[in-house]
> 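What follows is a structure written as structure tokens; I'll ask about it next.
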2 protein chains.
Amino acid sequence: MKISHAAERAGLPVKTVRYYADIGLVAPTDRSASGYRSYDQDAIQKLIFIRRARAFGFSITKCRELLGLYVDDSRSSADVKEIAKRRLAEIEEKQKELQYLHDELAHLITACRGDDRPDCPIISGLAQPA
Amino acid sequence: MKISHAAERAGLPVKTVRYYADIGLVAPTDRSASGYRSYDQDAIQKLIFIRRARAFGFSITKCRELLGLYVDDSRSSADVKEIAKRRLAEIEEKQKELQYLHDELAHLITACRGDDRPDCPIISGLAQPA
DNA sequence: CCTTGACCTTCCAGTTACTGGAGAGCCTAT
DNA sequence: ATAGGCTCTCCAGTAACTGGAAGGTCAAGG
């Protein structure tokens, strides 16, 4: 399967698939005589795996790690669970931050009359050193 | 005030303050004879403003826009409110996404026994095309 | 007067994960 | 034969810094 077909199957842009090949994350199964990359079902499965893991916010480095576990039948599920749990904790941390930002910004917005006068609690709120 | 002092006051790394000067976001008030950047209270206030706005997730471009409104006494607070509201909507969007990720990942984790056996719902969950 | 050490300067490279584009080769159909 | 739609490689750029090298400046101590 040529790259555009593989990319479509995996739900990724062609450029990204080529990029993943470049950085050695998912190598094409083969190359045609004219140099075209060729992907089989197994490689596409890996691409899908990466896409999903990326969507979960795993970095390329972590994806590499997970992919190693994915292809390695002898890995324990404890390893994977550990990585996933750390990632979950990161997500929860991010959620807390975002909630804080949300509340503070919402507060500033409600405090702002939004008329033509120049004094604005959002601007003055942002200028606080806190 | 020299850069390290100003940076400390603003709560930013020196490198970042220099970077902001380079990109013309917050210019130093002055330069000493020997070329040292010098910042006055007004410039530090702008740096604080930027730091806070960045913490709210505003991009440098948006910060530039906001800073323009900040220094411009003739701006209406409606302008600022509009920008802030859009930003709030973005934050809420991000929150929803994050919640979805969180739930799906948490689900995979609880489904995983986390023992020494190789079969792992997290791995197989990631490998789903969905 | 000289040196030491903490500053400061500029410039260059690297980070993350791609994305866009140029220029050129290949393949299939009409 | 040629038109189009692929594909290739390579280069550059994105956002917002961060790290490091090489070198200038300044105040204090010996």
Side-chain angles (χ1 to χ4, degrees), chain A residues 1-40 43-44 46-67 87 90-91 94 97 101, chain B residues 1-40 43-44 46-67 87 90-91 94 97 101:
Chain A
M1 209 175 315
K2 276 184 280 188
I3 197 166
S4 67
H5 201 172
E8 195 184 356
R9 289 275 180 103
L12 287 169
V14 171
K15 274 271 185 185
T16 301
V17 176
R18 220 176 261 129
Y19 171 71
Y20 287 167
D22 285 353
I23 63 171
L25 184 59
V26 180
T29 316
D30 205 1
R31 289 272 189 157
S32 78
S34 51
Y36 287 14
R37 289 172 186 82
S38 168
Y39 294 84
D40 65 5
I44 288 167
K46 285 181 194 165
L47 288 171
I48 290 169
F49 181 89
I50 297 297
R51 175 173 56 75
R52 298 260 307 155
R54 291 283 302 128
F56 273 101
F58 290 100
S59 68
I60 292 287
T61 302
K62 275 278 171 282
C63 284
R64 218 182 275 273
E65 200 177 326
L66 284 168
L67 197 61
R87 180 64 204 145
E90 281 166 36
I91 288 174
K94 192 84 193 162
E97 273 174 44
L101 287 181
Chain B
M1 208 177 312
K2 276 183 281 186
I3 197 166
S4 67
H5 202 173
E8 195 184 356
R9 288 274 179 102
L12 287 169
V14 170
K15 274 269 185 188
T16 301
V17 175
R18 220 176 262 129
Y19 172 70
Y20 287 167
D22 285 352
I23 64 172
L25 185 58
V26 179
T29 316
D30 205 1
R31 288 273 189 156
S32 76
S34 51
Y36 287 16
R37 288 174 187 81
S38 168
Y39 292 84
D40 66 4
I44 288 167
K46 286 182 194 164
L47 288 171
I48 290 169
F49 182 88
I50 298 297
R51 174 172 56 76
R52 297 261 307 158
R54 291 283 303 128
F56 272 101
F58 290 99
S59 69
I60 291 286
T61 302
K62 276 275 169 284
C63 283
R64 220 181 274 272
E65 199 176 327
L66 285 168
L67 198 61
R87 181 64 203 144
E90 283 165 35
I91 289 174
K94 191 81 193 165
E97 274 174 45
L101 286 182

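Numbered from 1 within each chain, the chains take letters A, B, ... in sequence-line order. None of these values were measured; they are calculated from a predicted model.
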> In whole Å, what is the span from the CG atom of A/L25 to the P atom of C/dC18?
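One finds 9 Å between P of C/dC18 and CG of A/L25, rounded.
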
> Taking OH from A/Y20 and P from C/dT19, how many angstroms apart are they, rounded to a whole number?
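A/Y20 atom OH is separated from C/dT19 atom P by 8 Å.
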
> Over how many whole Å does the gap from B/L47 atom CG to D/dC17 atom P extend?
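Whole-Å distance recorded here is 12 Å.
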
> Using a cut-off of strictly less than 4.0 Å, decide whether A/R37 has a side-chain nitrogen or oxygen near OP1 or OP2 of D/dT9.
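Yes, such a contact exists.
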
> With a sphere of 6.0 Å drawn around CD of B/E90, does it hold more than 12 non-hydrogen atoms of other residues, nucleotides or ligands?
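Enclosed.
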
> So does B/R31 get a side-chain nitrogen or oxygen closer than 4.0 Å to the phosphate oxygens (OP1/OP2) of D/dT25?
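Indeed not, no polar side-chain atom of B/R31 lies that close.
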
> Expressed as a whole number of angstroms, how long is the span from A/R18:CZ to C/dA22:P?
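These atoms are roughly 15 Å apart.
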
> Can a donor-acceptor pair under 3.5 Å be found between the side-chain atoms of A/K2 and the base atoms of D/dG5?
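Absent.
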
> Are any side-chain N or O atoms of A/R51 and backbone N or O atoms of A/A10, one a donor and one an acceptor, separated by less than 3.5 Å?
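Side chain of A/R51 to backbone of A/A10: a pair is present.
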
> A/D22 CG to C/dT16 C1': how many Å, rounded?
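In whole Å, C/dT16 C1' lies 15 Å from A/D22 CG.
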
> Start at the 5' end of DNA chain C and walk down; is the nucleotide closest to A/S32 or to A/T16 reached first?
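The residue whose closest nucleotide sits nearer the 5' end is A/T16.
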
> Closer than 3.5 angstrom, by distance alone: can the side chain of A/R9 be matched with the main-chain N or O of A/I44 as a donor-acceptor pair?
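Such a contact is absent between A/R9 side chain and A/I44 backbone.
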
> Which whole-number value in Å describes the distance from A/I3 CD1 to C/dG25 C1'?
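So the two atoms are 16 Å apart, to the nearest Å.
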
> Which heavy atom in A/R64 sits nearest to a heavy atom in A/G24, and how many Å separate them?
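In this case the closest contact between A/R64 and A/G24 is NH1-O, 3.5 Å.
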
> Please give, in whole Å, the distance from C/dT16 C1' to A/I50 CD1?
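Nearest whole value for this atom pair: 15 Å.
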
> May I have the distance from B/M1 (atom CE) to C/dC7 (atom P), rounded to whole angstrom?
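Roughly 16 Å, once rounded to whole Å.
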
> Measure the CG-CD1 distance between A/L25 and A/I60 for me, rounded to the nearest 0.5 Å.
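So the gap between those two atoms works out to 5.5 Å.
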
> Between A/H5 and B/P13, which residue's closest nucleotide on DNA chain D lies nearer the 5′ terminus?
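Whichever sits nearer the 5' end wins; that is A/H5.
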
> Is any side-chain nitrogen or oxygen of A/S34 closer than 4.0 Å to OP1 or OP2 of D/dT7?
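It does not, given that no N or O in the side chain of A/S34 lies less than 4.0 Å from OP1 or OP2 of D/dT7.
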
> A/Y36 side chain N/O closer than 4.0 Å to the phosphate oxygens (OP1, OP2) of C/dG25?
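Answer no for this pair, as no side-chain N or O of A/Y36 is under 4.0 Å from OP1 or OP2.
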
> Relative to the 5' end of DNA chain D, which residue comes earlier, B/K15 or B/I60, by the nucleotide with the nearest heavy atom?
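Upstream on the strand: B/I60.
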
> Looking at every strand, decide which applies to B/S59 at a 4.0 Å heavy-atom threshold: base, sugar-phosphate, or nothing.
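Sugar-phosphate: the residue B/S59, judged by heavy atoms under 4.0 Å, touches backbone atoms but no base.
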
> Would you indicate, yes or no, if C/dC8 has its OP1 or OP2 atom less than 4.0 angstrom from a side-chain nitrogen or oxygen of B/S4?
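For C/dC8, OP1/OP2 do have a side-chain N/O of B/S4 under 4.0 Å.
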
